[in-house]
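Working notes for the structure below.
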Amino acid sequence: EVQVVESGGGLVQAGGSLTLSCAASGFTFEGYGIGWFRQAPGNEREAVSSIDLSDDHRTYYADSVKGRFTISSDNAKKTVYLQMSSLKPEDTAVYYCAADRWGTTIATWAHAPSYDYWGQGTQVIVSS
């Protein structure tokens, strides 16, 4: 069974840091694209970051998180991480990871329908 499972969410003060994990199982991992999306109450789901798990491990970031968030992968553990620092109250949301079996490109990474498998989400709350 194909699964992506998020973990690592929680409550953190503004300016703090948090690392989310996305553990994959049931598929090859290499060659896929893993994306992070978030959805705050009353807002649409938005793309945060993505990593293409082909040879070059190209990464993509939303402008709102560039310089503060870092996406990385551990292929041996089939896990993708989202390191979040300098967190702001507006980063509060449910964070979802998703897997794209065709990998991600600059044209597709932020397009939610491109992703085939989704996790259940992990809540991040940033207090001011």
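Position 1 is the first residue of the sequence; numbering continues from there.
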Practice problem: Compare all side-chain heavy atoms of His57 with those of Asn75 and state whether any distance is below 4.5 angstrom. | Solution: yes
Quiz item: Any idea which heavy atoms bring Phe69 and Val48 closest together, and the distance?
Solution: CD2-CG1, 3.7 Å
Self-check item: Shortest non-hydrogen separation from Pro89 to Ala14 and the atoms involved
Solution: CD-CB, 4.1 Å
Self-check item: Minimum heavy-atom distance between Gln39 and Asn43, given as atom pair plus value
Solution: NE2-O, 3.1 Å
Self-check item: Heavy-atom check, side chain of Thr92 versus side chain of Gln123, under 4.5 Å
Solution: yes
Pair up each side-chain donor or acceptor in residues 19-31 with any protein partner under 3.5 Å, not counting sequence neighbours, and list the distances.
none

Quiz item: Are Phe37 and Trp118 close enough that their ring centres sit under 6.0 Å apart?
Solution: yes
Quiz item: With side chains defined as the heavy atoms from C-beta onward, is the minimum distance between Tyr32 and Asp116 less than 4.5 Å?
Solution: no
Exercise. Measure across Leu18 and Gly10 and return the closest heavy-atom pair with its distance rounded to 0.1 Å.
Key: CD2-N, 3.9 Å
Self-check item: Minimum side-chain heavy-atom gap Glu6-Tyr95 below 4.5 Å
Solution: no
Practice problem: Drop me the distance from Leu82's CG to Thr122's OG1, to the nearest 0.5 angstrom. | Solution: 11.0 Å
Exercise. Consider only side-chain heavy atoms of I, L, V, M, F, W and Y, link residues closer than 4.5 Å, and tell whether Val4 and Tyr60 are in one cluster.
Key: no
Quiz item: Can you tell me how far OG of Ser49 sits from NZ of Lys66, rounded to the nearest 0.5 angstrom?
Solution: 10.5 Å
Quiz item: Any side-chain heavy atom of Arg38 within less than 4.5 Å of one from Val65?
Solution: yes
Quiz prompt | Val5 reachable from Trp36 in the ILVMFWY side-chain graph, under 4.5 Å edges | solution = no
Practice problem: Would you check if Arg68 and Met84 make a side-chain contact, meaning some heavy-atom pair closer than 4.5 Å? | Solution: no
Quiz prompt | Leu53 side chain reached by Ser73 side chain, heavy atoms, under 4.5 Å | solution = yes
Practice problem: Among Asp74, Ile51, Ile34, find the one that has a side-chain contact (heavy atoms from CB on, under 4.5 Å) with Tyr81. | Solution: Asp74
Quiz item: Under 3.5 Å, side chain of Tyr61 to main-chain N/O of Ile71, donor-acceptor pair present?
Solution: yes
Self-check item: Distance in Å, Ser128 OG paired with Gln13 CD, rounded so as to fall on 0.5 Å steps
Solution: 9.5 Å
Got a list of side-chain donor-acceptor pairs under 3.5 Å for residues 102-110, not counting sequence neighbours?
unit_1, atom_1, unit_2, atom_2, d
Thr104, OG1, Ser50, OG, 3.3
Thr105, OG1, Ala107, N, 3.2
Thr105, OG1, Thr108, N, 3.3
Thr105, OG1, Thr108, OG1, 3.3
Thr108, OG1, Thr105, N, 3.0

Exercise. State which residues pass side chain to side chain donor-acceptor pair (under 3.5 Å) with Asp56; sequence neighbours excluded, sorted by chain then number.
Key: Ser54, Arg58
